[in-house]
Structures are given as structure tokens and as C-alpha cells.
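Inspection log for the structure reproduced underneath, given as C-alpha cells.
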Amino acid sequence: MTLQHFVMTQPDDWHLHLRDGEMLKAVLPYTARQFARAIVMPNLKPPVTTVGHATAYAQRIRAALPTELIEQGVTFEPLMTLYLTDQTAAEEIQRAKDSGIVQAVKLYPAGATTNSESGVTDLNRCSKALEAMQKNAMVLCIHGEVTHQDIDVFDREAVFIDRVLIPLRHRFPELRIVFEHITTRQAAEYVQSASGPIAATITPQHLLYNRNALFQGGIRPHYYCLPVLKREVHRQALLAAATGGSPKFFLGTDSAPHEQAAKETACGCAGCFSAPFALELYAQAFASVDALDRLEAFASFYGPDFYGLPRNTKKIKLSRVAQKISSPIAAAGGFLVPLGFGEPLEWQFEGPT
Ligand code: DOR
Ligand code: ZN
């Protein structure tokens, strides 16, 4: 008999964009329903570069959790990050560690993606901050793409490994690194075979789609994110990594909401809004290779283990109920189109058990 229900430890999202203001209020409930905690990205405008900014942002996130959800027993803990710049001081890293609210520092190579203008232009300028992170066991989350115009957009992650990541790890062998939203066979193989404290997150879109999804019958902006979807051979490698039972790979949705109008335009923003059906999408990917029994560890165990945080104890339930992601979601005066819009889903998140 095929499995009809599936109970697992409540997961966390180890890479999430919550934005701010009205958009924060609109999108937070989707994540808080499914996930107990999330690593919250700092690429606001202006970016979250200090412990002071991170503390204030964490308060705004907590205040944005709707009363109805709190009354239903939903709790949500934002795990904050600092945005690394050429100017980040070692003292700020120390303050971040001492604060207890900042769990990681985020490296955006300048110009790599949304709101990365203030990102790092040359990692050599960050030596003091990186030393302080290594010393304090503070995690460095990496958007791993080179940004040179002469490198093909589909090669940017693989080139980043050779030109930036390997030299960085050579200089800071004890630095705890999360190679975020990996998209290539090269990244999966590098992380799998590397010794030392490195892990990677994988998004639902990179497990479910290859780059054909961007051009299926016309241009499809809602499948556009950075790093961009790659060839099928890469998707297969990521699926094997996610479902292979290695603690080096864990869940990070990279849910990145942009208003429909900002996606469906001549120069559309990068980002897939996966929060509304995040677990269902991961379940779909794992079920496609008959590996649902591996989902719990990927979604709920390996992330907290890497970050040195306790695993969640609550349980949640998924049921085999066919559903369709059928309507855009009203948010902040506009609409958001969820990842997988128009597609059938086999699983449904039911909430806590
Ligand atoms: O697609 C993306 N969207 N990739 C990123 O790295 C940033 C994100 C965003 O903030 O919209
Ligand atoms: Zn992201």
C-alpha cells in the first residue's frame, strides 16, 4: 500500500528572504506555518550590516507574526545574519557572536544578485572579519557566483569554486561555510568530497526544474532566480545529493518574493517565492526518486546540527492529497506568484500533529 500520511519533525528553513514592511507581513505567515526557524537574509535596502540593524529587524519580524497564528500555537524564531561588506570590522563580528541573535554572516559578491550592490568587491579586503568569524565559529553563508561579465551566467558557480572558494578555504580551513543554494554537479561534488566544516543548502526549484523551465513555450519569469536553473544533469546531481543521506546537504528554500509586476516585465527580478508550498515541493522532489524517508533528516536534522542548534521537537504531518497551486497571492498592494503556479502537487502540509 502506498504511504498516505507522513509525520516528521518540524523543519527549519536555512535560507530565506522575508523582506520588510508590508511585504514582510504578507509573506511571514507562509513560512511560520511550516518552519520553526529560518536563517533570514540581510539583503534589505539598506542592508543589515550591524548587530543594531539585525536586532531591530528581528523585532520587526517577531511583531509581524499574526495574532491568529500565535493563538494557534505557532512560534517562529528568526535567526539573523549580517551582510558582509568590504568595511565589516572584526569588532562587529565579535559583537554579533556576543549578541546571541546573529547566527551567520552573508557573503554576496558585489553585483551577484538582488540588493548586492554593497557586497564584497574583493575577499582580501575582508581578512580581519573572516579571521574573527573563524575564531568565533561564526558561519559564513556564501552566494557562490563570480560576477565577471566574461564568465557565462551558467558557469558562474563552477568558476566561483575554483577561483574563490578553494583559495578561501585554504586561507581559513576552520571557517564554517554554508555554500548556499547550490545549482551544479560541481558544487555538489565539491561539498561532498571536501574535508572540514562546509555544507550546502538546496532549494526546491533546483531539485524540481532544469533550465528548460525558463523557456517552456515562452519566457517564464517565475522560474528565474539566481543562481539560475541549470541543465538536467545538474538537477539530477542535486537530487542525488539531497536524498543521499549526507549531513552536508540540507534545506534552504531561498524563497524570495517579488511582486508579480516586478517579475513580469522587461527586466524581471530574480527570485522564486516558494514559501506557500515549500514542504510540499520538497516532498514532490523526494518522492520522485522514492526517497521520502530521507526528507526528515534533510529538512529537520542536518541544518541545526551544522549550526550547532538543537533540533526541533514538534512534529508536523503531510498527507497525500492532490492539490494544484492555483492562484497568485494578494500581498502588499500587489500579487505574488508562488513557485509551481499552475502545477499539480501530490502532498499537502497539514500542520502540527
Ligand atoms: O534569486 C534570487 N533572489 N537570488 C538571490 O540571491 C537573491 C534573491 C532576492 O533577494 O530576491
Ligand atoms: Zn537568497
Side-chain angles (χ1 to χ4, degrees), residues 12-21 23-24 26-28 30-31 35 38-48 57 61 78-84 103-120 139-147 153-154 156-157 160 164 177-184 187 200-209 211 213-214 220-230 250-265 267-275 278 281 303 331-332 334 336-340:
D12 304 300
D13 187 348
W14 298 95
H15 181 131
L16 175 67
H17 298 269
L18 282 176
R19 315 300 193 207
D20 213 343
M23 187 63 96
L24 164 64
V27 302
L28 176 66
Y30 295 105
T31 291
F35 298 98
I39 285 278
V40 180
M41 287 297 120
N43 62 334
L44 302 182
K45 271 184 171 167
V48 178
Y57 185 29
I61 295 168
L79 307 172
M80 307 310 291
T81 59
L82 290 191
Y83 186 117
L84 187 67
Q103 297 294 339
V105 175
K106 173 70 187 249
L107 163 62
Y108 286 109
T113 187
T114 310
N115 297 345
S116 63
E117 301 77 14
S118 325
V120 171
V139 171
L140 178 67
C141 292
I142 298 184
H143 182 114
E145 290 192 286
V146 293
T147 53
V153 68
F154 292 100
R156 287 180 181 180
E157 183 175 279
F160 182 90
V164 184
I177 291 176
V178 177
F179 192 175
E180 298 195 284
H181 44 52
I182 58 166
T183 65
T184 55
T201 55
I202 309 182
T203 74
Q205 62 268 27
H206 294 103
L207 292 176
L208 287 167
Y209 311 109
R211 65 191 192 179
L214 286 161
R220 302 274 186 166
H222 299 293
Y223 295 91
Y224 173 57
C225 66
L226 288 171
V228 71
L229 295 172
K230 303 294 193 298
F250 48 86
L251 184 156
T253 63
D254 198 12
S255 181
H258 292 278
E259 273 190 15
Q260 186 169 14
K263 299 270 307 165
E264 298 175 8
T265 181
C267 185
C269 295
C272 297
F273 178 49
S274 57
L281 291 162
L336 296 171
V337 177
L339 179 66

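This chain uses plain numbering: 1 for the first residue, then up along the sequence. Order of appearance sets the numbers: ligands from 1, and atoms from 1 within every ligand.
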| query | Of the options D254, V27, L28, T253, which is the one that meets L16 in a side chain to side chain contact (heavy atoms under 4.5 Å, CB included)? | reply | T253

| field | Option among T203, L207, L208 that satisfies the side chain to side chain contact (heavy atoms under 4.5 Å, CB included) test with Q205 | value | T203

| request: Describe, in one word, how the ring planes of F273 and Y30 are oriented to each other, choosing from parallel (under 30°), tilted (30 to 60°) and perpendicular (over 60°). | output: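 Aromatic pair F273/Y30 classed perpendicular.
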
| request: For the pair F160 and F179, name the ring-plane relationship: parallel under 30°, tilted 30 to 60°, perpendicular over 60°. | output: tilted

| Run the side chain to side chain contact (heavy atoms under 4.5 Å, CB included) check on E264 and V337 step by step: do they pass? | CA-CA 10 Å; E264 298 175 8; V337 177; 4.3 Å; yes

| said: Using the side chain to side chain donor-acceptor pair (under 3.5 Å) definition, which of the options R211, H206, E157 pairs with T183? | reply: E157

| In order of chain and number, which residues sit within 4.0 Å of ligand 1 by heavy atom? | H17, R19, N43, T113, T114, H143, C225, L226, D254, A256, H258, A270, G271

| Can Y83 and S116 be said to form a side chain to side chain contact (heavy atoms under 4.5 Å, CB included), step by step? | CA-CA 9 Å; Y83 186 117; S116 63; 4.2 Å; yes

| message | Under the criterion side chain to side chain contact (heavy atoms under 4.5 Å, CB included), I'd like the reasoning laid out for V178 against F250: C-alpha separation, chi angles, the key distance, then a yes or no. | response | CA-CA 10 Å; V178 177; F250 48 86; 4.2 Å; yes

| task | Report yes or no: does N43 contribute a side-chain atom to a donor-acceptor pair with the main-chain N or O of N115 at less than 3.5 Å? | result |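 Checking the backbone N and O of N115 against the side chain of N43, no donor-acceptor pair under 3.5 Å is found.
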
| request: With 2.8 Å as the limit, jot down which protein N, O or S atoms are around the Zn ion (ligand 2). | output: H15 NE2, H17 NE2, D254 OD1

